[in-house]
Amino acid sequence: MQLFRWTVLLLLIAAGVCFAFYIGTGQARYRQWGLVILKWTVIAALGFFAVLALERLL
């Protein structure tokens, strides 16, 4: 359970850092990396909530 929480937290921090680099440098690759990391963050969060829902059902 803690693994999911830490994964989501670290992915959110990484996406925030990428977007900060994009704002600071203006290089589009940082925005692209931020969007990819954000996509994986949403997937990890959905996995976390799926595990929570399964725990409640069982």
Side-chain angles (χ1 to χ4, degrees):
M1 194 59 103
Q2 283 294 103
L3 179 65
F4 284 118
R5 290 179 182 171
W6 281 106
T7 302
V8 170
L9 177 66
L10 291 176
L11 285 170
L12 281 173
I13 290 170
V17 167
C18 285
F19 288 131
F21 281 166
Y22 170 66
I23 291 170
T25 64
Q27 294 182 12
R29 68 179 172 167
Y30 292 120
R31 183 178 59 89
Q32 184 65 31
W33 288 352
L35 290 174
V36 169
I37 294 172
L38 192 61
K39 176 184 77 171
W40 283 105
T41 303
V42 170
I43 291 170
L46 289 175
F48 172 73
F49 288 121
V51 168
L52 283 178
L54 285 174
E55 284 183 354
R56 296 279 185 191
L57 291 175
L58 300 177

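Numbering of residues begins at 1 and proceeds along the displayed sequence.
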Within the 3.5 Å criterion, strictly below it, is a donor on Q32 or R29 matched to an acceptor on the partner's side chain? no

How about L35 and R31: do any of their side-chain heavy atoms sit closer than 4.5 Å? yes

I'd like a table of donor-acceptor pairs (distance under 3.5 Å, sequence neighbours excluded) in which one partner is a side-chain atom from residues 8-26, with atom names and distances.
from : atom 1 : to  : atom 2 : distance (Å)
T25  : OG1    : F21 : O      : 2.7
T25  : OG1    : Q27 : N      : 3.3

